[in-house]
Each structure stands twice: as structure tokens, then as C-alpha cells.
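What you are looking at is a predicted structure, and each value in this text was computed from that prediction instead of being measured. Naming convention: chains lettered A, B, ... in sequence-line order (proteins, then strands); numbering from 1 in each chain. The figures that follow rest on heavy atoms only: side chains count, while hydrogens, waters and symmetry mates do not.
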Amino acid sequence: MRNIGEILAPLLMNKKPSNALIYGKTGTGKTASIKFTSNVIEEKAKGRGTNFIMSYVNCRLEGTEYRTLAVIAEALGLTIPFTGLATNEVLKRITEKLRHSEISCLIVLDEVDVFVRSYGDDLLYQLTRMNETLPTSRVAIIAVSNDISFKELLDPRVLSSLSEEEVIFKPYTADEIKDILQARVSLGFNDGVVSHEVVNLVAALSASEHGDARRALNLLRVAGEIAERAGLLKITAANVREAVLKIEEDQVFEICRSLPLHSRLLLAVVLSLGKKNKAPTSGEIFTSYKQLVEKLKLPELTYRRVAMLLNELEMVGLVESKTVNLGRHGRTRKMRLAAASDPVRRALQSDVLVAQLLE
DNA sequence: CTTCCACCGGAAGTACCGGTAA
DNA sequence: TTACCGGTACTTCCGGTGGAAG
């Protein structure tokens, strides 16, 4: 946080600060640290009469260039319709606003790597260049990325401008997670409910799995709920292991339920074909899908689109595939369920498909 | 060594939606 | 009213391709 503070400090002296690139996996405290630091700066700025505005954008959640810019514009007090304007128009309005006032502006672009992968670095380039044309206002950009190879996606000009400073957040070690958990245990549980062994177990599981503090806390909470429901006075190691499974199953269930119709149909096909014929090929899946769709009197998607949906299912981890080569008989992917079948079935059952699935 | 299958996946185009600006 | 915007969800077209069969 001190590091980030030092980078941003020039904003308080009405100077242009360096842009920064921040790396770190999810749950390592990037967002919290930036928000905290920026609040401190905002306080100081108030005392000095500097007009400081922080705009935090999660680029992945916003999804598109237009909406990313819209969020920045709104932080500056502009109202931007959610559609209708040209993207460049939004950028123009932002620059106009900054040109006609004196603002120290910090733009935080979270999960920018995901964004750049689908939209390229044009937007980043334009944002980094904005300072040059602004006489009175200053803009600092902090780009936050989950993975380090992100650099390779950037044009050298953008990269050099963006990486004037770099900060890296390492995943938490088991010891660090232990500290974090311990601090929360004393707030959230009665004395003696959570033993050191349980904290150690949760910390060890989390550190080896992901090093994500948020998920570690979640794991402990779920374990606590399980123990409570079982009428226990203390959380046991078994509760923790059960919690691991439960969290996983709940995630699978949620993902399945929120899938669009045709993805769910495909998942149902993979599930039912997988039973008799262990690992159907993409061609077989498509044929069964066609039959299913015909039976349900639904419009049918093309093979191309179906292949894309199957890829998406694989991406979210519900399905896994292996390419196999049959020589003269071509090449194909064999697909099967990668997630626990139980929550998948439960999620699909709340649907029209029940009848078809039972065949 | 060549052939040829059963797909893969990039690219461009279409239709529609809900909107703005002049 | 007209021209145009971006986003989503698809379709159409088509040039690959790994490796066993032949």
C-alpha cells in the first residue's frame, strides 16, 4: 500500500503521477489495497483543496470498451446513455470534461487482461495518451492484471507508458492465510469453536489450492455452517472437508442453472450419452442434440454454433474433451462431464428436459 | 508415403434490439 | 424522421489438420 501511495502521491501536488501495472491473482488484496490507498489520497486531497476523482472499473464485468468508458465518464459526473453513442464520442466527452476543469483523476482498470484479450489495447493506448492534450487536469492509470503474460499482448508504446511502475501481489502463503483467518475467527466465532488444527487445515488447503484469502474465509464459514447444522459445538476437520465438496457442488449447480437454454440442452446430451457410451464425440453430440431439439419443437442451432457452445462448457469446467484421431475415420473430440454429475443433474431437472433425460 | 476423414475454428455477414443526435 | 451507434446471438463460408488406413 505504501508502494502504491508513493506512486500516486504526485497527484496531491498537482503533478502527473506515473501510470502503474499491478499483478496478482484473485484474492490477494489488490483491489482492497488500491481502494484503501485511494481513499487515503482522497482525504488528503480534500484537505489541500485538490479535486481528486477515482474511477474504479472492472473491465471484465463491464465487458466492452463502450461500457468501460461509460463508467469512467460517470465517475466524472457525466451522464452517458447505456447505448446509442459512438464509443469515440464517450472518449471525447471525457477529454472535454477534463480539459475544462482541473481534476486529478485516477483510473483503475481491474482485470484488464481479460479485456485486452478480446478488444485489443486500443483503448489503453488512447487513455494513456490523454495526458498529453490536457493542460490542467492529470490522469493516472493503474492497470490491474491477473496474469503476468498479459504484457505480451500490449503494444510496446502502451506497455512502456503503463509499466512506469510495477507492483506484484504474491498469493498468500499458508502462514499469512492463517493470520487472516485467526483475526476473523475471533470476530466471527465464539471462543473454542475453531481450533488451531482447523485453522491450519483451512489455511493449508487454501494455500496449496489458490492462495486466495476470500475463498479461505468462505471455506471456513461454510465449514462453520455445516458444523452448526450438525449440532456440533466445535468445527471438525471432517466439516472442513465436507465444506470443500459443498462449495464445489454449489458452484457447479449455479453455473448450470444460469446457462442459456441450448447450452443446457447440450449438457443434458453429454450427460445422458456419457452414461451408455462413455465419451461421445462432438458429431454424436450434435446428432442427439438435433433429435432433442426436434422433439421439443425448438429452433435448431448450426453445428458451428454448437461447437462454440461446447467450447464454452469446457471453458467453465463442466465438460472436458480429448481430441482423438481415427486416421481414415477423421479426427474428433471425445467429450465427457468434468464436474460432479449430481449437481448438474439437479440443476437440469428443474427444466423441460426431465422427460428426455430419463430415456 | 499419400490420402482422406470428421471434424476444428477464424472471419465476415445478418438480424434484431434499444438507444442517440440533429 | 433519418442516419447511425454498439451489443448479442447467431449463420455462412471455408481453409485447415493429425495421423491411421490403405
Item checked: Options C:dC5, C:dA9, B:dA21, nucleotide nearest the side-chain atoms of A:A86 -> C:dC5
Item checked: Selected nucleotide, minimal atom distance to A:R328 side chain, candidates B:dT3, B:dC7, C:dA9 -> B:dT3
Note to self: Among C:dT8, B:dA21, C:dT12, which nucleotide has an atom closest to any side-chain atom of A:R304?
What the structure shows: C:dT12
Check: Does a side chain donor of either A:D110 or A:T31 reach within less than 3.5 Å of an acceptor in the other side chain?
Finding: yes
Notebook entry, point to check: CG of A:L261 versus P of C:dC10: gap in Å, rounded?
Noted result: 9 Å
Check: Expressed in angstrom and rounded to an integer, what is the separation of A:H329 atom NE2 from B:dT3 atom P?
Finding: 18 Å
Next item on the list: Using distance alone, with no hydrogens and no angle criterion, decide if A:S321 and A:E314 have a side-chain donor and acceptor under 3.5 Å apart.
Entry: yes
Item checked: Short side-chain N/O contact to C:dG19 OP1/OP2 from A:R331, under 4.0 Å -> no
Notebook entry, point to check: Is the phosphate of B:dC8, meaning OP1 or OP2, less than 4.0 Å from a side-chain N or O of A:T332?
Noted result: no
Check: How many Å lie between CG on A:N311 and P on B:dC8, as a whole number?
Finding: 8 Å
Next item on the list: Would you check if there is a donor-acceptor pair between the side chains of A:N311 and A:R333 at a distance under 3.5 Å?
Entry: yes
Margin query: Using a strict threshold of under 4.0 Å (side-chain N to carboxylate O), is an ion pair present between A:R117 and A:D147?
Written below: yes
Check: DNA chain B: A:G84 or A:Y303, which has the more 5' nearest nucleotide?
Finding: A:Y303
Next item on the list: Choose from B:dC7, C:dG6, C:dT11 the nucleotide whose nearest atom is closest to any side-chain atom of A:T87.
Entry: C:dG6
Checklist line | Rounded distance (Å) that lies between atom P of C:dG6 and atom CG of A:L123 | finding: 13 Å
Notebook entry, point to check: Among the nucleotides C:dG19, B:dC7, C:dG7, which one has an atom lying closest to any side-chain atom of A:N325?
Noted result: C:dG19
Note to self: Can you tell whether the side chains of A:E225 and A:R221 come within less than 4.0 Å, N to carboxylate O?
What the structure shows: yes
Notebook entry, point to check: Whole-Å distance between B:dC7 C1' and A:K322 NZ?
Noted result: 17 Å
Next item on the list: Mind checking A:T323 for me? I need base, sugar-phosphate or nothing, with any heavy atom below 4.0 Å counting as a touch.
Entry: nothing
Check: Rounded to the nearest Å, what distance is computed from the CD atom of residue A:E312 to the C1' atom of nucleotide C:dT8?
Finding: 12 Å
Note to self: Please report the distance, rounded to the nearest Å, between CD in A:E89 and C1' in B:dA22.
What the structure shows: 12 Å
Next item on the list: Can you figure out which of C:dG7, B:dT20, C:dA9 approaches the side chain of A:Y66 most closely?
Entry: C:dG7
Next item on the list: Figure out the CE/P separation between A:M308 and C:dT8, and round it to whole Å.
Entry: 14 Å
Next item on the list: Could you say whether A:G63 or A:T83 is positioned toward the 5' end of DNA chain C, judged by the nucleotide with the nearest heavy atom to each?
Entry: A:T83
